[in-house]
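Working notes, structure below.
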Amino acid sequence: MPTTPTENDAPSHHTARYAFKDAEARWQAAWDDGNCFAAVENPDLPKYYVLEMFPYPSGRIHMGHVRNYTMGDVVARYKRARGFNVLHPMGWDAFGMPAENAAMEKKVHPAEWTYANIDTMRRQLKLMGLSIDWSREIATCHPDYYRHEQKMFLDFVAAGLIYQREGWVNWDPVDQTVLANEQVIDGCGWRSGAPVEKRRLSQWFFRITDYAQDLLDALDSLDRWPEKVRLMQANWIGRSEGLRISFEMENREDRLEVYTTRPDTIFGASFCAISPEHPLAGELAAEGEGGNPALAAFIEECGRLGTSEAAIEKAEKVGFDTGLRVKHPFIDGRTLPVYVANFILMEYGTGAIFGCPAHDQRDLDFARKYGLDVLPVVVPEDDAAFTVENEAYSGPGKLANSAFLDGMDIDAAKAEIAGRIEAAGAGKREVNFRLRDWGISRQRYWGCPIPIIHCADCGGVPVPEADLPVVLPDDVSFDRPGNPLDRHETWKNVDCPSCGKPATRETDTFDTFVDSSWYFARFASPHADTPTDRAAADYWLPVDQYIGGIEHAILHLLYSRFFMRAMKKTGHAGMDEPFAGLFTQGMICHETYKTESGAWVEPADVLQGHGDNFVHAETRETVTVGRSEKMSKSKKNVIDPEDIISTYGADTARWFMLSDSPPERDLDWTESGITGAWRFSNRLWRLAAANAATLPPPGSDPGTSDARRAVHAAIAGVTEDLEAFHFNRSVARVHELVNALSDIDPATDGGALREGLETVTLLIGPMMPHLAEELWRMLGHDTLVADSPWPVADESLLVQDTVKLAVQVRGKMRGTVEIPHDADQATAEKAALALATVTAALDGAEIKKIIYVPNRIINVIH
RNA sequence: GCGGGCGUGGUGAAAUUGGUAAACACAAGGGACUUAAAAUCCCUCGGCUUCGGCCUUGCCGGUUCAAGUCCGGCCGCCCGCACCA
């Protein structure tokens with residue numbers, strides 16, 4: 001660790017330091033006393049809702065939070081200064097697994113653990129000096145919050161937005177719960193990292209697929225979202241246009257429904273394949289005398305292989321010839337074998353395909369393995385000798401070997417087949433989505449109870465509204481794995497609200513992503529008796545600027561978009577899209593250290609020896625410096641924000657977070673970076689402290705000094721950069737301004753220096769709010785920067801009388817000339833041609849052309 | 001495999017969207033102040049140079065009066081999705 005700066009050293013102007021500890025506490029109290037950041041609906045003012053993704057109360061804040069909330073606070077304070085009625089709230093995403101893990105490991109109740117963490121993190125966030133309306137604080141684990149979630153669930157059920165069904169689910173064997181598709185990453189649970197298994201369970205689902213098309217189309221309207229996030233969502237929704245074809249089967253009355261996006265390749269079809277979970281597969285295994293034991297065994301084998309997603313990905317493509325054959329729809333007398341194949345997904349399309357090996361790699365692998373025909377039916381143009389060996393061809397070309405399609409391009413052939421199939425009543429055009437309905441049942445205690453009672457006679461009965469909320473029981477134990485609600489007899493066993501007979505509560509709780517799918521709406525009216533107060537929600541929503549990590553590009557951001565639509569349908573909100581503007585920040589990275597034995601080492605335990613040699617402080621093992629990676633406990637490369645804040649102050653931490661790296665990019669935590677920020681805050685403080693006493697009073701004439709141009713250029717520049725989220729450039733411009741102010745002679749240009757110091761104070765207000773208040777007071781003001789309007793640049797000062805014009809000869813730089821601003825071409829030419837370097841470069845040659853871009857460049861061509 | 005992004009000094013980066021490449025900072029080196037250190041202040045800081053200049057934004061080519069920026073082709077990293085028919 002660096003030397004801790006001591007406060008209040010010698011009073012010399014060269015060595016005195018900013019006493020940040022006292023100042024930061026003092027100004028935070030002043031903002032509280034002034035109730036500065038309380039948001040009140042006011043239809044006469046333009047509103048601006050700034051929101052950072054709310055934290056999970058894991059224990060302590062980390063650097064990612066500091067960066068996230070600093071950016072949000074800059075936006076909130078800047079917009080306030082620009083006259084907006086700003087809403088900037090904070091809350092806690094407080095349900096979830098870590099609380100239960102803590103309960104199991106530390107024998108502490110999840111609620112107690114969670115609320116203690118919230119207290120710690122609230123205290124830490126307050127140290128940062130954020131302009132938050134704390135009166136709107138919410139925690140999703142509190143019944144005052146989740147009772148409204150239960151109410152909306154019942155409304156959603158009534159509106160047909162929710163259903164219950166049994167189905168295959170992703171089961172996390174470590175967390176002992178179901179995961180949504182979005183929560184399975186590379187075949188493993190997003191939290192536990194354990195390989196996910198397949199289980200069949202009864203689950204509640206949100207009908208997000210009903211909105212697939214709308215969620216896709218509306219992405220175009222989100223013009224203040226990163227292109228990357230919109231693209232990721234579009235890919236996730238995964239729209240595909242194709243054709244459902246109904247194949248006639250030999251010796252069977254029913255038909256085989258197949259979905260394809262390549263109907264043009266129908267003449268190249270050499271087999272059909274169905275999922276092991278397809279009903280037909282089961283029927284064929286059971287039919288006839290004694291059934292088909294080999295097929296039944298194959299299906300069972302697929303089920304066993306398919307217990308983990310990871311296994312599926314590595315599994316070889318295998319099939320089983322059922323002996324059944326289907327008739328080719330366009331070739332009389334041609335039939336195709338029907339296989340059961342392990343790579344066909346029941347959940348997509350119809351769970352059945354036709355295989356065209358020449359134009360699909362999977363089909364080709366399958367055909368080679370089972371000796372099926374490979375007939376190319378799309379041939380690239382100008383390739384007479386085209387054949388398919390081990391690589392399927394999926395590029396453009398003309399149809400061949402395809403009867404009436406021959407010579408067509410792919411699109412025409414698709415249309416032709418679709419038209420004929422539809423005319424014959426043998427299928428129809430169909431749109432399919434990759435997106436699945438959102439399964440929200442979790443077999444966990446620490447979540448919002450699903451307000452349903454299961455009755456043997458009445459089925460799943462909604463809990464009557466009068467009985468809401470269904471509150472989690474406190475008396476639970478975590479000495480056994482599984483869900484304690486399941487074995488809580490008095491909580492679980494209740495009478496059916498419909499018929500009065502004994503019944504049982506649903507013991508599953510909501511996926512915590514449900515909690516975070518509407519919290520932004522609750523912030524508009526956090527104390528309302530209903531989920532939302534429509535007047536408040538209609539005033540504040542949508543969130544104008546949302547800020548958070550890219551890791552939520554799909555999960556949280558897609559769920560919330562769906563939830564907003566569901567709330568609109570049930571009258572709880574009036575719009576479709578929750579977030580008008582989205583900014584995704586980069587991560588905080590730090591160097592990693594490893595011993596020879598491969599163990600990670602904390603930066604504090606590393607000693608630097610000679611040059612680039614590092615050793616472990618205790619063991620003296622050689623330590624190698626690894627590449628910079630995302631700060632994480634497992635890699636032991638974390639820096640605790642509270643240490644930094646207590647050593648350097650919140651403003652220094654905030655300033656460093658905004659400096660150097662563009663906010664969307666990863667930021668490398670460096671010791672020198674934070675000390676640099678600390679030195680700058682002191683330098684600025686000293687500049688003001690050294691001059692405050694002798695400056696002319698507030699409101700004095702700034703005079704006509706040239707220095708004023710730098711002041712107003714800084715206003716214009718910082719304003720532009722903050723609007724565009726270019727915080728690192730704002731920081732650079734403030735540096736430039738302070739450098740310029742340091743050169744002003746207070747004796748001759750005191751008015752200009754006052755204007756400059758006041759301006760820089762207001763400009764850093766959103767970024768280093770405590771220091772800004774301190775300087776403002778020092779400069780003789782008794783108002784708060786937090787209540788002060790943003791400075792306005794004097795346009796007339798931005799235009800310089802003369803400009804330095806770049807001079808080129810045939811595109812090569814030859815020097816610059818100083819000419820009047822907006823000078824005409826003749827003036828510019830005369831000045832340029834008078835330049836010695838220009839005459840030398842021309843060497844008497846005839847000038848053919850002169851290109852002149854006023855105030856920028858002049859290019860002489862010979 | 002499919003989709004997307006990125007590549008600029010020792011380092012983080014900037015470049016008014018085609019118009020003086022390297023702003024601002026960090027690190028480094030030199031100096032001042034100091035018994036000394038810290039803090040602070042000043043200077044140097046892309047490369048080569050015969051001191052005239054020449055070269056320089058991953059590599060090759062193109063468009064243009066002019067290319068870090070636009071187009072084509074390579075190379076290298078990073079991210080997302082992935083048996084989706």
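To find a chain, count down the sequence lines: A is the first, B the second, and so on, and within it residues start at 1.
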For this session: May I ask you to check whether A/Y18 and A/T652 show a side-chain donor-acceptor distance below 3.5 Å?
Result: no

Seminar exercise, completed: note: A/L684, atom CG; B/U40, atom P; distance rounded to Å ~ 14 Å

For this session: Could you state the atom-to-atom distance from CD1 of A/I550 to C1' of B/G4 in whole Å?
Result: 11 Å

Exercise. Are A/W655 and A/Y648 near enough that their ring centres are under 6.0 Å apart?
Worked result: no

Problem set entry | Test log, rule side-chain contact (heavy atoms from CB on, under 4.5 Å), inputs A/I858 and A/V817 | CA-CA 10 Å; A/I858 186 163; A/V817 288; 5.6 Å; no

Problem set entry | Closest to side chain of A/N235, choosing from B/G19, B/G3, B/U20 | B/G3

Exercise. Looking at B/C26, B/G19, B/G80, which one has an atom nearest to any side-chain atom of A/M232?
Worked result: B/G80

Exercise. CG of A/D363 versus P of B/C83: gap in Å, rounded?
Worked result: 15 Å

For this session: Answer with base, sugar-phosphate or nothing: what part of the nucleic acid does A/E736 contact at a heavy-atom distance below 4.0 Å?
Result: sugar-phosphate

Problem set entry | Between B/A27 and B/C65 - P atom distance, rounded Å | 46 Å

Problem set entry | Residue A/R362, side-chain atoms from C-beta onward, closest of B/C24, B/A85, B/C65 | B/A85

Problem set entry | Under-3.5 Å donor-acceptor pair between A/K317 side chain and B/C83 base | yes

Exercise. Cut-off 3.5 Å, side chains only: do A/D437 and A/T209 have a donor facing an acceptor?
Worked result: yes

For this session: Kindly say if A/K804 contacts the phosphate of B/G19, meaning a side-chain N or O under 4.0 Å from OP1 or OP2.
Result: no

Exercise. A/R239 near the nucleic acid: base, sugar-phosphate alone, or nothing, with a heavy-atom cut-off under 4.0 Å?
Worked result: nothing

Exercise. Under 4.0 Å between a side-chain N or O of A/R665 and OP1 or OP2 of B/C79?
Worked result: no

For this session: Specify the residue among A/F354 and A/T816 whose closest nucleotide of RNA chain B lies further upstream toward the 5′ end.
Result: A/T816

For this session: Look at all strands and tell whether A/D360 reaches a base, only sugar-phosphate, or nothing, counting heavy atoms closer than 4.0 Å.
Result: nothing

Problem set entry | Separation of the P atoms in B/G1 and B/G46, to the nearest angstrom | 42 Å

Exercise. Picking from B/A39, B/U20, B/C81, which would you name as closest to the side chain of A/R17?
Worked result: B/A39

For this session: Determine the interatomic distance between P on B/G10 and the same-named atom on B/G73; round to the nearest Å.
Result: 31 Å

Problem set entry | Rounded interatomic separation in angstrom, taking CG from A/N170 and P from B/A82 | 11 Å

Problem set entry | Atom pair distance, as rounded to whole Å: CG in A/L558 and C1' in B/G80 | 15 Å

For this session: Using a 4.0 Å heavy-atom cut-off across all strands, classify A/I850 as base, sugar-phosphate, or nothing.
Result: nothing

Exercise. Would you call B/G52 syn or anti, using the 90° rule around 0?
Worked result: syn

For this session: Could you measure between the two C1' atoms, the one in B/G4 and the one in B/U8, and give it in whole Å?
Result: 22 Å

Problem set entry | Interatomic distance, A/E591 CD vs B/C26 C1' [rounded to whole Å] | 14 Å

Exercise. Looking only at side-chain N and O atoms, does A/R810 come under 4.0 Å of OP1 or OP2 in B/A66?
Worked result: no

For this session: Hey, could you give me the CZ/CG distance between A/F271 and A/D373, rounded to the nearest 0.5 Å?
Result: 11.5 Å

Exercise. On a whole-Å scale, what distance lies between the P atoms belonging to B/G58 and B/U69?
Worked result: 8 Å

For this session: Name the nucleic acid region contacted by A/S661, choosing base, sugar-phosphate or nothing; use a 4.0 angstrom heavy-atom cut-off, strictly under.
Result: sugar-phosphate

For this session: Round to the nearest Å and state the distance from A/Y348 atom OH to B/C81 atom P.
Result: 18 Å

For this session: Compare side-chain N and O positions of A/N728 against OP1 and OP2 of B/A14 and report whether any pair is under 4.0 Å apart.
Result: yes

Exercise. Taking only N and O in the side chain of A/N855, is any of them less than 4.0 Å away from OP1 or OP2 of B/U16?
Worked result: no

Exercise. Does B/A39 have a Watson-Crick or wobble mate here (both distances under 3.5 Å), and if so which one?
Worked result: none

For this session: Measure from the side-chain heavy atoms of A/T261 and tell me the nearest of B/C81, B/A85, B/C65.
Result: B/A85

Exercise. What form does the base of B/G9 take, syn (within 90° of 0) or anti?
Worked result: syn

For this session: With the side chain of A/L345 defined as its heavy atoms from C-beta on, choose the nearest nucleotide among B/A66, B/A25, B/C84.
Result: B/C84

For this session: Ignoring the backbone of A/Q808, work out which of B/G19, B/C24, B/A85 is nearest its side chain.
Result: B/G19

Exercise. Which part of the nucleic acid, if any, lies within reach of A/N739 when heavy atoms closer than 4.0 Å are counted: base, sugar-phosphate only, or nothing?
Worked result: sugar-phosphate

Problem set entry | Rounded distance (Å) that lies between atom P of B/C41 and atom CG of A/D743 | 12 Å

Seminar exercise, completed: Re B/U11: Watson-Crick or G-U wobble partner, both distances kept under 3.5 Å, found to be B/A25

Problem set entry | Short N-O contact, A/E227 and A/R230, less than 4.0 angstrom | yes

For this session: With P as the reference atom in both, quote the distance from B/G52 to B/U57 in angstrom, rounded to an integer.
Result: 26 Å

Problem set entry | Considering all heavy atoms, the nearest A/V377-A/H359 contact | N-NE2, 2.9 Å

Problem set entry | Any A/R733 side-chain nitrogen or oxygen under 4.0 Å from OP1 or OP2 of B/A14 | no

For this session: Searching all strands shown, indicate the nucleotide that pairs with B/A85 (Watson-Crick or G-U wobble; both distances under 3.5 Å).
Result: none

For this session: Please report the shortest heavy-atom distance between A/Y339 and A/G319, naming the atom on each side.
Result: CD2-C, 4.1 Å

Exercise. Which atom names give the shortest non-hydrogen contact between A/K630 and A/C589, and what distance separates them?
Worked result: N-SG, 3.8 Å

For this session: For B/U16 versus B/G68, give the span between their P atoms, rounded off to a whole number of Å.
Result: 13 Å

Problem set entry | side-chain contact (heavy atoms from CB on, under 4.5 Å) assessment of A/V340 paired with A/H278 | CA-CA 9 Å; A/V340 173; A/H278 196 285; over 6 Å; no

Seminar exercise, completed: Of the listed B/G19, B/G12, B/C81, the closest approach to the A/D660 side chain comes from B/G12

Problem set entry | Pairwise P distance, B/G29 and B/G47 [rounded to whole Å] | 16 Å

For this session: Pick base, sugar-phosphate or nothing for A/I851, based on heavy-atom distances below 4.0 Å to the nucleic acid.
Result: base

Problem set entry | Watson-Crick or G-U wobble mate for B/C70, both contacts under 3.5 Å | B/G62

Exercise. Counting only Watson-Crick or G-U wobble pairs whose two distances fall under 3.5 Å, which nucleotide matches B/C2?
Worked result: B/G80

Exercise. Got a donor-acceptor pair under 3.5 Å from the side chain of A/R686 to the base of B/C41?
Worked result: no

